[in-house]
Each structure stands twice: as C-alpha cells, then as structure tokens.
K.L.:
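This is the structure I want to talk about, given as structure tokens.
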Amino acid sequence: MLPSQPLLHTAVFALTVLQALASNTFIAAVYEHAVILPKAAIKPVSPDDALALMNSNMDILEGAIKEAAQQGAHIIVTPEDGIYGWRFTRETIYPYLEDIPDPVVNWIPCTDPTRFAPAPVQERLSCMARNNSIYVVANIGDKKPCNSSDPSCPKDGRYQYNTDVVFDPEGKLVARYHKYNLFIPETQFNYPKEPEAITFETPFGKFGIFTCFDILFHEPAVVLVNKLQVDTVLFPTAWMNVLPFLTAVEFHSAWAMGMGVNFLAANTHHTSISMTGSGIYAPDGARAYYYNMKNEDGRLLVAELDSHPRLSAAFPPAVSWSSYALNVERFSLNDNDFGGLIFHDWFTFTELTMPEGNRTVCQKDLCCHLSYKMSEKREDEVYVLGAFDGLHVVEGQYYLQICTLLKCKSTDPETCGHPVETAQTKFETFSLSGTFGTNYVFPEVLYSGVQLATGEFEVLSDGRLKSKHGTSKPLITATLFGRLYEKDLPHPLRNVSIP
Ligand SMILES: *[C@@H]1O[C@H](CO)[C@@H](O)[C@H](O)[C@H]1NC(C)=O
Ligand SMILES: *[C@@H]1O[C@H](CO)[C@@H](O)[C@H](O)[C@H]1NC(C)=O
Ligand SMILES: *[C@@H]1O[C@H](CO)[C@@H](O)[C@H](O)[C@H]1NC(C)=O
Ligand SMILES: *[C@@H]1O[C@H](CO)[C@@H](O)[C@H](O)[C@H]1NC(C)=O
C-alpha cells in the first residue's frame with residue numbers, strides 16, 4: 001500500500017526533524033531590506049492600494065526567502081516595518097493591518113486562508129514558509145477591536161499593535177509578539193497591557209522574539225534569556241544608528257555576547273536616516289554582519305550557529321563584572337578631568353596624553369580603569385577614557401553605567417563624544433574595567449569604518465574587556481555599556497522625552 005500524500009508529507013517532515021535533532025548546529029539567515037515606502041498620505045489609502053504596496057515589498061522578501069532556503073537556511077528573519085514602512089498615523093496605517101490570531105488556534109493560512117480572513121499578508125507569508133520549508137519571521141500590524149466594556153479601549157475602537165509573526169516550515173503560525181517598548185514616534189501603535197514573553201521550540205533550540213527598542217529594556221528581552229532560557233533571539237528592527245555606542249552591528253553583537261545568546265538581527269536599509277546594520281551573532285562574536293552607508297541595496301546574510309550555545313565549547317565563561325575593578329587601587333588621580341556630552345549624557349573624561357599608561361576616571365558610583373598601549377601616539381588624534389553613571393532621558397529613559405575608551409572627533413577636547421567613524425590609531429593592548437552595580441554589561445569594540453573586532457577581544461571572568469593581540473585596525477571605541485534596569489522608571493513613563 002502506498003502512503004497517502006499527507007502521510008508522506010508527515011513522514012518527510014518527521015525525517016527532517018530527526019536529521020536536525022541529530023545535528024547541533026543550524027543555518028540562520030537575516031535579510032536587510034530596503035523597504036519600499038508608501039507615499040506620505042493624510043487620508044488612509046484603500047485596502048487594495050495598501051495590499052499592493054505590501055505585495056511589492058513581499059515580492060522582494062520572497063526572493064530573499066527562496067535564496068536563503070537554497071543555501072540551506074532553516075530560518076530567516078526579515079526587518080521591522082519591512083512590509084509597509086513607517087510613515088503613518090493611527091488612521092493611515094489601518095488599511096495595512098490584519099487581525100492576527102493567537103497561535104494556539106493552530107492555523108496554516110496557506111492551506112486554510114479563509115478561516116481568519118481577510119488575511120492576505122499572513123497567507124502569503126505562510127505560503128512562503130511552506131513552499132520553501134523554512135521558518136519565516138516577519139513584522140506586520142495587528143488590529144484588535146475593543147469597546148466601552150474596556151476602559152482603556154482607544155477612542156477609535158481598536159488596539160493597533162506592531163507585531164512579529166513566525167511561520168514554521170509547514171506554514172503554521174507558531175509565534176505572535178506585540179512590541180512592548182514602542183519608540184517615541186510610533187504613535188500609530190498601542191503597546192500590550194502586559195509585556196509578552198514569546199518563545200517556541202524548534203529541532204534546533206528554543207527561540208525568543210522581540211523588536212527594536214525592546215533591546216534596551218528588561219521586559220521582555222532579559223526575561224526571555226534569563227528566565228525562559230532561550231538559545232536564539234529573533235530581532236526584527238528598524239534601527240537608526242547612533243555613534244559611538246548605539247550603532248546596530250556594534251550594540252546588537254554586544255548584547256548577544258553580554259547575554260550569552262545567539263541573536264539574529266534584520267534591519268531595514270535606509271541610509272538617509274542611518275538605517276543599516278544586520279547580523280548573525282553568536283555569544284563569542286559575529287558570524288556574519290552587514291553595514292553599508294554607500295548604496296540602497298538589500299542584503300541576505302547566511303551563517304551557521306550552534307543550536308545550544310550554552311553547551312558549546314566556545315561559550316564565554318560567566319563574568320563578575322566589577323570583580324577586578326573593585327579590587328584594585330585607583331590607577332591615577334587626574335588634574336585634567338573634563339566633561340562632555342555623548343548622545344545627551346554628561347560624561348567625565350580624562351585625556352590619554354601618553355602613548356601608554358594606567359588611568360582611572362570616576363563619576364558617581366562608577367570608576368573606570370584603563371591600561372593601554374598605543375602602537376603610536378599621533379599628534380592628530382585624541383583619545384579619552386570616559387565614565388557615565390546616570391539616567392539617560394532623550395528618546396527614551398533608561399539608566400546607564402558606561403566605561404569607554406573613545407576617539408574624539410578632532411584634537412579639540414570639546415569634540416569628545418561627537419560621532420566619529422574613522423580613526424588611525426591602533427592599540428597594542430587595552431584592558432578596560434569598571435565598578436559596575438549590575439550584571440548587565442554589553443562589551444563593544446568598534447574599529448575604523450564601523451567594523452566589528454570579531455575574535456580580537458575577550459572578556460575575562462573578572463570583568464576586564466581586553467584586546468587579545470592588539471587591534472588589527474584603528475580603534476573608534478572599546479566600551480562597557482552597563483544597564484541598571486532597577487533604576488528605570490515604570491514602563492509607560494519612560495517614553496517621555498525631556499530634551
Ligand atoms: C507556493 O507554491 C504554490 C504551488 O506551487 C504556488 O501556487 C504559490 O504561488 C506559491 N506561493 C508562494 C508564496 O511561494
Ligand atoms: C463589546 O461589548 C460587549 C458587551 O457590552 C461584548 O459582549 C463584546 O464582546 C465586546 N466586543 C469587543 C470587540 O470587545
Ligand atoms: C601599568 O600598570 C602595569 C601593572 O600594574 C605596569 O606593569 C605598567 O608598567 C604600568 N604602565 C605604566 C605606563 O605606568
Ligand atoms: C507615553 O505614553 C503614554 C501612555 O501611552 C502616552 O499618553 C504619552 O503620550 C506618551 N508620550 C510620548 C512622548 O510619546
């Protein structure tokens with residue numbers, strides 16, 4: 001007797017699952033997408049026009065998904081706002097939204113498109129996953145009607161959510177995540193009343209998902225890693241780069257390392273507002289990344305990762321972040337400390353006037369120690385050691401402790417902290433540490449040209465960020481970016497901007 005088609009399909013799928021179970025690695029893909037934006041509109045467009053724009057973006061995403069599958073990828077992440085862009089009010093985004101059901105309903109939109117219709121976007125995404133036997137991660141908009149029986153129901157009678165969806169290789173909806181930490185201009189969306197910690201199991205590890213600005217906060221990002229023990233984080237984003245500490249490739253790779261997880265970041269590509277930088281990051285460094293301010297092309301990245309990074313030999317040791325710094329004397333008492341702003345935060349700096357040395361700079365509870373040796377002390381470049389301990393209040397509120405070795409924009413100390421993309425000074429050694437009051441410290445090392453220093457630095461278990469054998473390229477910054485979540489304000493308040 002011949003097996004029926006569904007049985008055959010199940011058998012093939014089961015075999016694939018078993019093969020994946022047998023291997024300890026998987027292939028991940030992320031696609032940086034130059035999203036086709038709608039024309040800025042005052043009135044909502046028709047549902048057909050909205051779908052036409054979304055289809056033109058999905059045409060491009062479909063090409064990337066096919067290509068990723070051909071290269072053997074098991075999962076692909078596409079960016080936040082990657083299907084309709086970002087120029088919206090509450091009203092003008094409405095025709096782009098679909099009602100996205102809770103995944104417990106067990107729905108394959110590709111084979112059962114009318115069950116929660118109209119849902120043409122979910123149907124197409126589901127078919128792309130199913131046709132190519134690949135997990136597809138996308139970001140779309142969810143709408144949920146509400147009424148006066150709910151006192152917080154918005155006046156227009158519906159909640160609108162910035163939403164990530166995941167379809168498995170059969171096309172089934174397996175995850176839905178409503179973004180909790182909306183960025184300030186996202187007035188078209190509501191945030192869910194409670195943060196959602198969304199995970200799903202695969203044959204290649206446990207996955208968690210959150211979106212863009214969420215990465216700066218405790219919920220749900222830290223909860224997914226520390227409490228729910230995910231192996232890999234999926235991260236659709238529309239990230240505007242801010243040097244020196246919050247450039248996408250730099251901060252996202254640092255978060256993967258600081259938290260000890262794989263991290264799949266897919267950014268939109270739109271250079272006029274500094275959106276570029278996607279990557280496939282493991283806890284010990286980037287496996288692949290893309291940063292390109294020179295053209296408007298999308299880019300597919302594909303790389304292999306450990307399914308369970310915590311079990312791998314390369315997994316970095318646990319770090320006690322203040323252990324070294326609390327146990328040494330101040331390296332120096334400086335009479336030349338000065339202040340300066342980095343992205344609206346008032347740092348205390350000390351200039352590195354000598355080609356090598358041991359320096360300390362302090363602010364409030366944080367003292368930062370640096371031992372360094374430059375390959376050559378250049379007349380035309382100034383580096384500082386800087387410390388900041390305080391609440392950041394512009395474009396979101398979050399409490400920071402930061403130690404940084406940083407190149408100034410020019411030789412004028414007034415420019416220390418201004419964004420700078422290139423440098424000429426290499427270091428033979430650096431070792432940076434700080435008296436952090438948190439376990440959440442993200443180690444960043446950025447080279448000239450906004451390049452990552454993958455494999456060229458390490459964090460010792462006593463909290464020192466050290467170069468391994470000197471820097472192969474000139475250094476823009478080596479930074480320990482610490483977050484004190486318990487000093488943050490309660491959730492809805494911290495979106496307020498006080499310039
Ligand atoms: C999936 O495959 C079917 C049948 O081959 C085809 O009709 C459909 O257009 C495909 N859809 C997508 C989104 O790839
Ligand atoms: C609106 O309110 C009624 C009760 O007043 C309730 O039965 C209904 O489910 C509500 N609809 C929505 C969409 O919340
Ligand atoms: C910095 O400190 C180290 C160890 O404490 C010492 O070996 C080195 O000579 C010092 N460097 C300078 C330039 O003072
Ligand atoms: C912050 O969030 C609250 C609650 O949703 C909202 O009322 C307020 O307008 C927001 N503030 C800004 C600056 O977006």
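Indexing begins at 1, ligand by ligand and atom by atom, following the structure's order.
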K.L.:
Going by the atom numbers of ligand 2, which of them fall below 4.0 Å from some non-hydrogen atom of Ser149?
P.N.:
2 (O)

K.L.:
Kindly indicate whether atom 4 (C) of ligand 3 is approached by any protein heavy atom to under 4.0 angstrom.
P.N.:
no

K.L.:
Ignoring hydrogens, what is the shortest heavy-atom contact between Pro236 and Pro79? Give both atom names and the distance.
P.N.:
CB-C, 3.9 Å

K.L.:
Hey, is Gly357 one of the residues with a heavy atom under 4.0 angstrom from ligand 3?
P.N.:
yes

K.L.:
At what distance is the nearest protein heavy atom to atom 8 (C) of ligand 2, and which residue and atom is it?
P.N.:
Asn147 ND2, 3.8 Å

K.L.:
Please say whether the positively charged group of Lys473, taken as NZ for Lys or CZ for Arg, lies over the ring of Tyr447, i.e. under 6.0 angstrom from the six-membered ring centre and within 45 degrees of the axis.
P.N.:
no

K.L.:
Which protein non-hydrogen atom lies closest to atom 13 (C) of ligand 2, naming both residue and atom, and how far is it?
P.N.:
Pro145 O, 3.6 Å

K.L.:
Over all heavy atoms of both residues, which pair between Leu228 and Ala197 is shortest? Give the atoms and the distance, please.
P.N.:
CD1-CB, 3.6 Å

K.L.:
Quick one, Phe183 and Asn162 - any side-chain contact, counting heavy atoms below 4.5 Å?
P.N.:
no

K.L.:
Using the ring pair (Phe, Tyr, Trp, His ring centres under 6.0 Å) definition, which of the options Phe210, Tyr159, Tyr161 pairs with His178?
P.N.:
Tyr161

K.L.:
Is at least one protein non-hydrogen atom found at under 4.0 angstrom from atom 11 (N) of ligand 3?
P.N.:
yes

K.L.:
N/O to N/O below 3.5 Å, does that happen between Asn358 and ligand 3?
P.N.:
yes

K.L.:
Under 6.0 Å between the ring centres of Tyr485 and Tyr440?
P.N.:
yes

